[in-house]
Structure formats: C-alpha cells, structure tokens
Amino acid sequence: MTDEIANHLSHLECGLTADRYEAGIVHGLSRAGKPLLARYDLSAVRSSADRDAIWARDTGFWKWRELLPVREAENICALGEVDTPLIGLDRLHDKGIVTVKDEGRLPTGSFKARGLAVAVAMAKELGLTHLAMPTNGNAGSALAAYASRVGIQTTIVCPDDTPAINIEETALQGALVYKANGLINACGAWVKAGADKGLWFDLSTLKEPYRIEGKKTMGLELAAQLGWQLPDVIFYPTGGGTGLIGMWKAFAELIELGWLEKTDLPRMVAVQASGCAPIVRAYDAGERFATLWQDAHTFAAGIRVPAAVGDFLILDAVRDSNGFAIAVDDAAIEDARQTVAREEGLLLCPEGAATYAAYLSALATGQVAKDERAILFNCATGLKYPMPDAGKVLDLANPA
Ligand SMILES: *Cc1c(COP(=O)(O)O)cnc(C)c1O
C-alpha cells in the first residue's frame, strides 16, 4: 500500500510561451527548448492547508509538501534536512540589517540538496533509473547522495578543475564521475548526447521541471522565518539561477495563497563574478536573453556558468522586482570571505562571499540603502573550499 500525499500539482507550463504540459509523465525542456515550470491548484492548497501548521512541522524542506510535486510519500528521499539558520552580520552592520541565510547546513553541505532531493524523488516517481548531469561540484554530490539513497544510478561529469573534494564526495556517494577538459556547458553537451542516445535522463539545471521546485523552498522558508514578511533586498549568487527563479516563484505562490502579511516583494539581485557575468552583461544591455560568456574564470566555481537556459527567467525576475545584476571580482570575493570569517566567525563559501562583496559595492553606489533589510545567500559550507595557508610553527623541544 502506498501513502499518498495531499498533492496539488495540476500541470506544467513552458516558462517562455506558457504552453501547457501534462503532469505525471517524464518531461525535459518544453517544445520551445525552454524550462518547464510546475503549476499547482493553489485554491485547493488554500482551502486545505494552513501556513502556520505547515511551518510547525518537522524541520526541513519536505514540510512544504502541499507545494511540491511529489505524490507518493514513499518516493521522498530524506537525509536529515534542516531549516537553514539566518545569521546576522551584526558586528559589521547595524543589528538585523544584513543577514546570511546559511545553506551550508544542508545534507551534502550545499543548497543543491533542496533541488536535487525533489528532482530525484520525481525521477523515482516517474520510473527513471539512470540520471546524468554536468556539474561544477555541489550539484553532483547532492545528486549522487539522494539518488543512492533511493537506488537510482548516476553518471556525473565535471570540468577537470572542479574542486577535488566535490569529485571525491560525489564518487564516494555512489556516482560514476568523469573529469572532462571543458567548461560546464561543454560537459552539458556531452550529457545531452548520452540522453539523446537513451543512456540516461538529463538532469541538467532547469532542463527538467522539478529541481526549481526544491529550490523554491528557500523562498517559502525565508518568508516563514521572517514572520510571513519578505526582506527589502535579496542577494543571490547566480549560476544557472535556479534559486533566484525558484524564490521569485515561491513569493508569487505565497501571494496567491494569501499567506504573506505584507505583499511588498524584495528586490532580487543577481550576483556574478566579473570573470563570468553573462546575466550582468545582458541586464546592462537591456536584453532578455544572455549570450555565451567566453573564457569564463573565477574561483567561485558554483557561479562559473557561461550560459544559462533560464536566462530570461532570471532577468525577468530581476527586472520585475526592481532589482539589479552586479558583478564582483575574485579579489573582492576573497576579501569579503576573510572579513566575514574574521569579524563574524562565519565561514562563507566563495559564492556566498560574492554576495557580501556585492552588498558592499551596492551600498557604496547607493543601489542599496543602509537601513534596508538585506538577505545574503551562503549556498554551501565554507569548509569545502581551499583556504589560505595558516598556522605558525611551534617547536615543542624549545620552550620559549
Ligand atoms: C550551484 C551553486 C550556485 C548557483 O546556484 P544557481 O541556483 O544554480 O544559480 C552558487 N553557489 C554554489 C556554492 C553552488 O553550488
């Protein structure tokens, strides 16, 4: 006997054309080659669910099941998810003004857990048995972990300069991992070729509809943590943009549900590295679609994404929210990481540090005011990344 969840997924919709697609069968991109977005019967959710009762459930993103696509409880794959904490940068700024949402506390140490847990659960529900994906690191380890948990095979390919720890943790968690001599979009083309041959299902960012639903829970959780209100501005390190698009979608759903105390939406800020900033370039040029960024480089691997299939969804959310897109260089990112670690005791990942560097830069130019409440996303534990050499030598044979 299977345990059914109160499920309200009604259909899927092309993010560009709004064409409708049936729920309950396997989908990749839409016929227009664009991401598919999950749509729910929100009036059914409104009449059957209570926001505070949901928030009072056990910790972790699976509590939002009425707003997730999974139908059968047995397909849920869990590894001890938590609601991630909000940590104020209270020594560096006025108390409560700048807050880090620390996603590094999730299983596999990054917010990729949110998206991949839901994508894997849906893959299981829809009968897929082999998933493949290109990754710059954290997505691969999250996919490997959740897929192994439910007995699904995985093949993962990453650029050969992906941090060793990501490659090793992914392999240890049961995936077949390849290190390839190309950037993530080239790895993605290889995965697509295998999928076209029927070897596996392509689970690339936004090329299937459910990862964004998992990422959406960041927005739901944030709203609940802030007493069903939203901050003034959100700084999000943007690679494929799943989280930014997902949160924007979450806020729209919360408004339609009538679950927000105030419907003031935050300005969404897409943060990129100056060595790979296709979204910033398109934003500055007033374009809706971004072009491929040549010779991408930055040590913040999670945002080293030269082309994003959801580019227009990121840019639409940034513009609709009156936000902006901003690039910061690697030196500013490293400075920000060291400042926050030293002054606040909080070790950010480089991508998370990029959001703080962007915040400081926006503060200096007046794009953000000092009294506005800002949320910065730290997407992974700082412990996964190389750190500067440290430790003075102490000779115990020669006491000073
Ligand atoms: C994947 C990743 C990002 C980018 O997230 P998107 O939602 O795909 O834009 C940022 N930082 C880290 C550490 C990541 O792993």
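Counting convention: from 1, in listed order, for ligands and their atoms alike. Every heavy atom of this structure was used, including side-chain atoms; hydrogens, water molecules and symmetry mates were not.
- A donor-acceptor contact under 3.5 angstrom links the side chains of D102 and N378, judged on distance only.
- Distances shorter than 4.0 angstrom do not occur between any heavy atom of A139 and any atom of ligand 1.
- Backbone and side-chain nitrogen or oxygen atoms of G302 are examined, and none is located within less than 3.5 angstrom of a nitrogen or oxygen of ligand 1.
- When all heavy atoms of L68 and N7 are compared, the closest pair comes out as O-ND2, 3.6 Å.
- In this structure, a donor-acceptor pair under 3.5 Å is absent between the side chains of E256 and Y40.
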L67/L257 under side chain to side chain contact (heavy atoms under 4.5 Å, CB included): CA gap, chis, key distance, verdict: CA-CA 11 Å; L67 293 169; L257 286 165; 4.0 Å; yes

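- Every N/O-N/O distance between A380 and ligand 1 stays at or above 3.5 Å.
- Atoms of ligand 1 lying under 4.0 Å from any heavy atom of F111, numbered from 1 in the order shown and given with element: 1 (C), 2 (C), 3 (C), 5 (O), 10 (C), 14 (C).
- Using a 3.5 Å distance cut-off with no hydrogens or angles, the side chains of R281 and T291 do pair a donor with an acceptor.
- Looking only at heavy atoms of the protein, atom 11 (N) of ligand 1 is closest to C379 SG, 3.1 Å.
- Taking a 4.0 Å cut-off on heavy atoms, T205 fails to register as neighbouring ligand 1.
- Contact check on K112 versus E103 returns no salt bridge, with no Lys/Arg side-chain nitrogen under 4.0 Å from an Asp/Glu carboxylate oxygen.
- Close N/O approach between Y385 and ligand 1 is not found [any backbone or side-chain N/O within under 3.5 Å].
- Residue-to-ligand polar distances keep T238 apart from ligand 1: every N/O pair is separated by 3.5 Å or more.
- With hydrogens and angles left out, the side-chain atoms of T217 and R114 include a donor and acceptor closer than 3.5 Å.
- For a threshold of 3.5 Å applied to N or O pairs, the pair formed by G239 and ligand 1 contains at least one separation below that value.
- Considering backbone and side-chain N/O of G240, one or more are found under 3.5 Å from N/O of ligand 1.
- Taking each of G241, G104, G109 in turn, the one with a heavy atom nearest to atom 6 (P) of ligand 1 proves to be G241.
- Between the side chains of S141 and N166, not a single donor N or O lies within less than 3.5 Å of an accepting N or O.
- Note: an N/O pair closer than 3.5 Å links T242 and ligand 1 by distance alone.
- Of all protein heavy atoms, the one lying nearest to atom 15 (O) of ligand 1 is K112 NZ, 2.8 Å.
- At a 3.5 angstrom cut-off on N or O pairs, E351 does not count as close to ligand 1.
- Criterion: ILVMFWY side-chain heavy atoms under 4.5 Å apart, direct or through other members. Under it, L12 and I245 are part of a common hydrophobic cluster.
- Atoms of ligand 1 lying under 4.0 Å from any heavy atom of G243, numbered from 1 in the order shown and given with element: 7 (O).
- Considering only non-hydrogen protein atoms, atom 7 (O) of ligand 1 sits nearest to Y236 OH, 2.5 Å.
- Remark: the T108 side chain and the E169 side chain contain no N/O donor-acceptor pair separated by less than 3.5 Å.
- In the model, W228 has a side-chain atom that pairs as donor or acceptor with a side-chain atom of D52 under 3.5 Å.
- For ligand 1, the atoms closer than 4.0 angstrom to any heavy atom of K215 are 5 (O), 6 (P), 7 (O).
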